[in-house]
Amino acid sequence: MCGIIGYIGGRNAAVEVYEGLKRLEYRGYDSAGAAFCDGDKLTLIKKRGKVEKLLPHLKSVRATIGIGHTRWATHGVPSDVNAHPHSVGNICVVHNGIIENYAELKAGLEAEGSVFLSRTDSEVAAHLLNKYYDGDLLYAMKMTVGKLRGSYALMAVCKGENKIVAACNKSPLIIGYGFGENYCASDEPALAGKCETIVVMEDGDLAEITAESVAVYNAVYNCELQSVIREPEPNLAVSADMSTGDCPHYMLKEIREVPESVLSTKRAFSGIADKFKTAVSGAKRIIMTGCGTAYHAALIGKRYFESFASIPVEVETAGEFRYKDPLINEDTVLFAISQSGETADTVEAARLARSRGAKIVAVTNSHRSQLNRIADIVVPVAAGPEICVAATKSYTGQITALYLCALAFAGKDDGGIIEYAAGLCRDVVKNTNVDKLAHMCARSRGTYFMGRDLDYAVALEGSLKLKEISYVPGDGYPAGELKHGTLALIDRRTVSVFVITDKELAGKSGNAVEQVISRGGKVAVVTNVKGLELPQGVSEVITIPECDKFLSPLLSVIVLQYLAYRTAVLLKKDPDKPRNLAKSVTVE
Ligand code: GLU
């Protein structure tokens with residue numbers, strides 16, 4: 001889940017590594033570190049906290065080779081000692097992923113006399129590299145990865161060796177080609193504006209990178225290294241404006257970009273609509289999978305396919321789906337939804353479904369990712385770079401993409417309604433005021449989100465947003481379920497936010513509102529139902545424009561995204577970098 005970057009060439013590696021880490025920080029930010037080689041000098045710097053903690057220590061560093069890491073801890077608390085790189089002897093290594101057999105390896109190495117300093121799984125790689133190093137870092141890496149089980153992207157440097165050696169398996173790694181310099185990174189954005197050509201390493205690949213050359217090998221089943229050719233591809237990562245513009249946080253900027261995410265996704269879909277129809281024609285069964293926000297988008301996508309195309313759809317979180325021995329055959333189409341296209345559980349779910357004959361549709365905001373490579377067809381979410389860890393505009397992009405897919409599957413087009421909906425999103429972005437409600441939520445003991453049908457799916461997303469960035473506890477519930485248990489949680493210190501955008505179901509949701517008020521709970525309603533009659537005692541009503549019920553999730557979610565944002569700011573939490581989380585969840 002972490003971000004890793006390596007540089008070798010004529011510029012100062014300290015600057016290149018630092019800039020790369022800043023661009024990768026959304027992948028993890030509990031600690032950071034770097035190692036630099038310059039001739040016989042090896043410098044190691046690692047700190048708990050965000051990447052900028054490294055800056056004062058980097059000022060004096062001049063080096064031609066460097067590797068860096070920004071961490072999202074899986075094994076061992078965030079601390080200086082657990083931060084990467086890990087160093088044993090003259091070797092330093094950074095690792096992204098999880099080494100599943102680390103305990104066994106560690107016990108063996110300790111029995112041989114190795115002394116471990118950290119609690120990480122990654123440190124075994126440093127000890128193994130040191131153990132197998134006999135003057136050839138590539139050989140040491142080959143022997144090391146032969147012992148590892150799990151997921152890894154590794155980069156190592158060694159005092160006196162004028163190279164970076166890298167290896168990967170189930171964790172992404174790319175090499176960026178420059179002139180007299182080369183890069184290696186876990187993610188394309190790290191190389192935006194740095195090089196024009198990249199190669200994507202494949203599972204089991206090892207690479208030896210100098211300033212002048214790149215050699216890629218594959219060590220199938222730990223046999224001799226075989227040189228392999230990986231096709232060079234253009235580096236599509238643009239030097240996007242990484243500033244927050246006139247907003248104090250990325251999250252606010254990205255909520256304001258929701259209308260554009262809807263429009264751009266529509267434009268992108270036009271380019272692949274025919275290919276999509278061909279790829280999914282003949283499907284008898286659809287499964288949608290994703291994690292977190294993408295799973296919530298899938299719940300909405302299910303309704304689109306079932307309503308527009310009368311085809312049954314099952315939805316399952318990817319982390320559950322892949323362990324349930326799912327029934328899949330050639331008539332099945334699996335929609336794998338992931339903002340980054342690198343979400344480990346979703347990627348593995350897609351691999352499993354593919355191995356059983358399903359067609360794979362990747363719905364992703366990435367133009368190049370593991371999911372893109374597995375998929376039969378990629379449906380682009382054209383939301384643009386999303387830096388804030390909490391998904392906002394990628395969610396609305398996913399909903400738009402699924403809406404268009406369902407219509408295309410049913411042989412229809414949207415007749416311009418997406419453009420219309422984007423215009424309404426613009427109104428909501430401009431005119432919504434959640435200040436009063438945010439104060440209520442910030443003071444609450446718990447905030448519950450409720451709705452029916454599509455509004456329930458949005459309620460789940462609203463609740464996730466609030467929890468992940470403001471840490472206010474709560475949950476999302478179907479409004480009808482309230483009286484079957486959740487009502488016990490309601491008292492005057494709780495807030496219940498009802499999303500009511502379906503005229504047909506409005507009366508029923510009104511009953512639930514009444515039940516909460518009767519128990520002393522505070523209630524807010526987000527609605528676009530004209531003339532909605534609400535019981536006395538509702539503290540706040542936020543109105544959004546009327547629109548087709550299938551598109552109202554695009555509007556109501558903006559209110560809930562704003563609410564989470566404002567609440568987090570009131571509580572003095574950093575909405576862009578919530579504790580314990582990272583954006584691209586590349587570990588299982
Ligand atoms: N498992 C390693 C650790 O906890 C790497 C985590 C990461 O990918 O950031 O240090």
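All residue numbers in this chain count up from 1 along the given sequence. In each ligand, atom 1 is the first atom listed, and ligand 1 is the first ligand listed.
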Only heavy atoms of [X], strictly under 4.0 Å: list the atoms of ligand 1 that pass.
X: Trp72; value: 6 (C), 7 (C), 9 (O)
X: Asp121; value: 1 (N), 2 (C), 3 (C), 4 (O)
X: His75; value: 4 (O)

Are [X] and [Y] within salt-bridge range, i.e. N to O under 4.0 Å?
X: Asp345; Y: Arg322; value: yes
X: Glu19; Y: Lys22; value: no
X: Glu202; Y: Arg230; value: yes
X: Lys163; Y: Glu161; value: yes

Consider every N or O of [X] and every N or O of ligand 1, then say whether any pair is closer than 3.5 Å.
X: Ile98; result: no
X: Asn82; result: no
X: Thr70; result: no
X: Thr120; result: no

Where's the contact between Cys2 and ligand 1, heavy-atom distance under 4.0 Å: side chain, backbone, both or neither?
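Within the 4.0 Å criterion, Cys2 contacts ligand 1 through backbone and side-chain atoms alike.
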
Report the part of Asn96 (side chain from C-beta onward, or backbone N, CA, C, O) that has a heavy atom under 4.0 Å from ligand 1; answer both or neither where that applies.
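The part of Asn96 near ligand 1 is both the backbone and the side chain.
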
Tell me whether Lys106 forms a cation-pi arrangement with Phe116, defined as NZ or CZ under 6.0 Å from the six-membered ring centre and within 45 degrees of its axis.
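Yes, cation above the ring, under 6.0 Å and within 45°.
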
Provide the closest heavy-atom pair for Leu129 versus Ala156 in the form atom of the first, atom of the second, distance.
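Answer, listing the atom of Leu129 first, then Ala156: CD1-CB, 3.9 Å.
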
So Glu320 and Tyr295, side-chain hydrogen bond (donor to acceptor under 3.5 Å, both in side chains) or not? Walk me through it.
CA-CA 11 Å; Glu320 284 294 302; Tyr295 166 70; over 6 Å; no

In this structure, does ligand 1 have an atom that sits under 4.0 Å from one of the heavy atoms of [X]?
X: His84; answer: yes
X: Ser122; answer: yes
X: Gly28; answer: no

Are Tyr102 and His75 linked by a side-chain donor-acceptor pair shorter than 3.5 Å?
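No - no donor-acceptor pair under 3.5 Å links their side chains.
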
